[in-house]
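The basis for the numbers below is simple: all heavy atoms, side chains too, and nothing from hydrogens, waters or symmetry mates. Whatever order the structure lists ligands and atoms in, that order sets their numbers, starting from 1. Heads up: numbering here begins at 1 and tracks the sequence. None of these values were measured; they are calculated from a predicted model.
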Amino acid sequence: MGIESVLSEHRTFHPDQSFVSRANVSGMVAYEKLCTAANKNYEEFWANLARELIVWKKPFTKTLNDSNAPFYKWFEDGELNVSYNCLDKHLSSQPNKIAIIFEADNGDINNVTYKELYEKVCQFANGLKTFNLNLGDRVVIYLPMGIEAVVAMLACARIGLTHSVVFGGFSAKSIQERIKDAQAKLVITADVQFRGGKILPLKAAVDEAFILGGCESVVGNVVLKKSNDAIELKNKEVWWHELIKNQSKDCDPIYVNAEHPLFLLYTSGSTGTPKGVQHSSAGYLLHAMNTMRWTFDIKGDDIYWCTADVGWITGHTYVAYGPLAMGATQLIYEGIPTFPHGGRFWQMIEKHHVSIFYTAPTAIRSLIKASESNKESNPDTYDLSSLRLLGSVGEPINPEAWMWYYEKIGHHQCPIVDTFWQTETGGHVITPLPGATPLVPGSCTLPFPGIDAAIVDEAGHEVPWGTGGLLVIKKPWPSMIRTIWGDPERYKKSYYPEELGGKVYLAGDGAIRDKTTGYFTIMGRIDDVLSVSGHRLGTMEIESSLVSNPLVAEAAVVGKPHEIKGESIVAYVVLKGKRPEGDEAKAIVNQLRDWVGKEIGPIAKPEDIRFGDNLPKTRSGKIMRRLLRSLAKGEEITSDISTLDNPSILEQLKKTIQ
Ligand code: PRX
């Protein structure tokens, strides 16, 4: 997918009048009015929203405290409970409304009303209290997608514990690193998870994490039983169902300060190990709710489905917190898009009458491919007329995939919100509002009202429309990252670098605005962060994992464009012994792929590993990644390589080991 084709895209799709007339933000004038209100009196704009949307135990009197910038505080003297806002608030008005429709991997369905969800959360929160934890203690959650994952998160929020969800596809070592960094007191996991017809162990990875060491902070492990296999629990381990036995179905919420850390979520950066992005309670909740209202245009009768796993930020904001705080009915799915066939998503939309559907471009691209293979996988086979709005998240969506989504899934009737945001932003920051913004395939269009996004050059000066540069956000906003857990310096350096004046938030993406419309197009990360199937991975993490293998002397990792996954991982490896050839090379490739899979998780396995006697370096010893990226794409090296110390190894590194 070339960026040129995206930039030359000018097809424009206006929202249908019937959509506009019912929309929560109706028409561009309404959108502009909101932006003007935010511009005119920035703090008052957010304060009004916070008063309108959040139920406060103690109202705030101060909106923004920027005295210790960039460590901003919002609504800092207010008190609330996030789980109260997601559950208790709805008990009088809609106790019997379905909160979650859960569809298991095997197709079993389980519905939970708001009242039932409240009771589950309270019971589990009461169970958690038996561990005698303190306010703000960290809890690692390593669970499959399901009702319990949401219950675990909300139960933590209910009693002021800070959760840190680890995606079920991450390895034992990744769990161990996160437990250690967060100094977690408790782990919540399941014996197994079901995905794509397979049973995959989960608790075994937690056990292994403990064996790796450094997890001494943990005082207990709660285990959800999913399979019928008997396993025996050890000391400090307790079954979920035993923990909640005899617990009351009511639990008074613990009210916390607006800035109380609701959660940490680890994500990859360009350097070092994954960083614990810390989010607040009130500011985060506010943006989760308001984006549900304005971006997703959520209404009381919608059936909303966000396909993300709660292991990622999308699953936090747009599965666990946003929809519940807005009192919506949502679908949660345990499995994968292509099981038992590539029409599973479309079949589920038909079956559950989904009206708002939110997924990632990588899923769309894989389903486009699958749609041609058989009738079951073809969306034309299903009645998708319940849909009224579509969304995309996590990576750039190429215009071809956008058009397919618009035509085949939305039947020209559904606006597509291409939402740009990040773990650090907490919620959408650049996105169309579906009843207002004319859509252009491949562009995330315009900033959400109140988000002051801009594009600057390396010195921090704003560039004219039509010129590419660094995406920044000029003013703090309520749902922004508060700090990196345990490393405030890294927070400052990563997001408020001195080079840009230290006053604007650096997103880490390159972007360009259209010359006439001012629409934003994201051009991809400017750092060494990859997006593989929408999953964020640092090249450094993969390199460190490779060099920790006893066979490896040196490694460099780059991304290469991939038709379905967006990007795939290419690793250049120098072994300690001699450069392998033939079958030996193949065997080592497999060994190294498994190694990375075990160290980080299967998503981080390099697709392509190449061996050289050395890596291309400048005379000062710097690896020339630009050349490695070109080699990965199979491009001829035509640029000047005179600064290269060892040009001959380029030939070796061209070779992919099949
Ligand atoms: O590069 C951008 C890409 O995903 C990165 C953030 O990744 P993560 O923190 O894992 O959050 C993903 C889900 C919000 C961004 O820096 N990205 C996200 N959404 C888009 C996108 N790139 C282009 N278009 C988007 N809509």
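Close contacts of ligand 1 with Arg536, meaning ligand atoms under 4.0 Å from a residue heavy atom, involve 6 (C), 7 (O), 8 (P), 9 (O), 10 (O). Distances below 4.0 Å separate heavy atoms of Val393 from the following atoms of ligand 1: 13 (C), 14 (C).
The N/O atoms of Ser392, backbone and side chain alike, include none that comes under 3.5 Å of an N/O atom in ligand 1. In terms of polar-atom proximity, Thr267 is not counted as a contact of ligand 1, lacking any N or O under 3.5 Å from an N or O of the ligand.
What sits closest to atom 1 (O) of ligand 1 on the protein, heavy atoms only, is Asp509 OD1, 2.6 Å. Counting protein heavy atoms only, atom 8 (P) of ligand 1 is closest to Thr423 OG1, 3.5 Å. Distance from atom 12 (C) of ligand 1 to its nearest protein heavy atom, with residue and atom name: Gly394 CA, 4.1 Å. In this structure, the protein non-hydrogen atom closest to atom 13 (C) of ligand 1 is Thr314 OG1, 3.5 Å.
Between Glu334 and Arg195 there is no salt bridge, since no side-chain nitrogen of the basic residue lies less than 4.0 Å from a carboxylate oxygen of the acidic one. Using a cut-off of 4.0 Å between Lys/Arg side-chain N and Asp/Glu carboxylate O, Lys173 and Glu599 are scored as salt-bridged.
A ring-centre distance under 6.0 Å is found for Phe263 and His316. Between Phe357 and Tyr304, a ring centre-to-centre spacing not shorter than 6.0 Å is recorded. Taking the six-membered ring for Trp and the full ring otherwise, the centers of Phe448 and His428 sit at least 6.0 Å from each other.
No heavy atom of Cys444 sits closer than 4.0 Å to any atom of ligand 1.
Contacts between Arg525 and ligand 1, counted as non-hydrogen atom pairs separated by less than 4.0 Å, involve the side chain only.
Using cut-offs of 30° and 60° for the angle between ring planes, the Phe170 and Phe167 rings count as perpendicular.
Judged by distance alone, the side chain of Ser494 and the main-chain N or O of Arg490 form a donor-acceptor pair under 3.5 Å.
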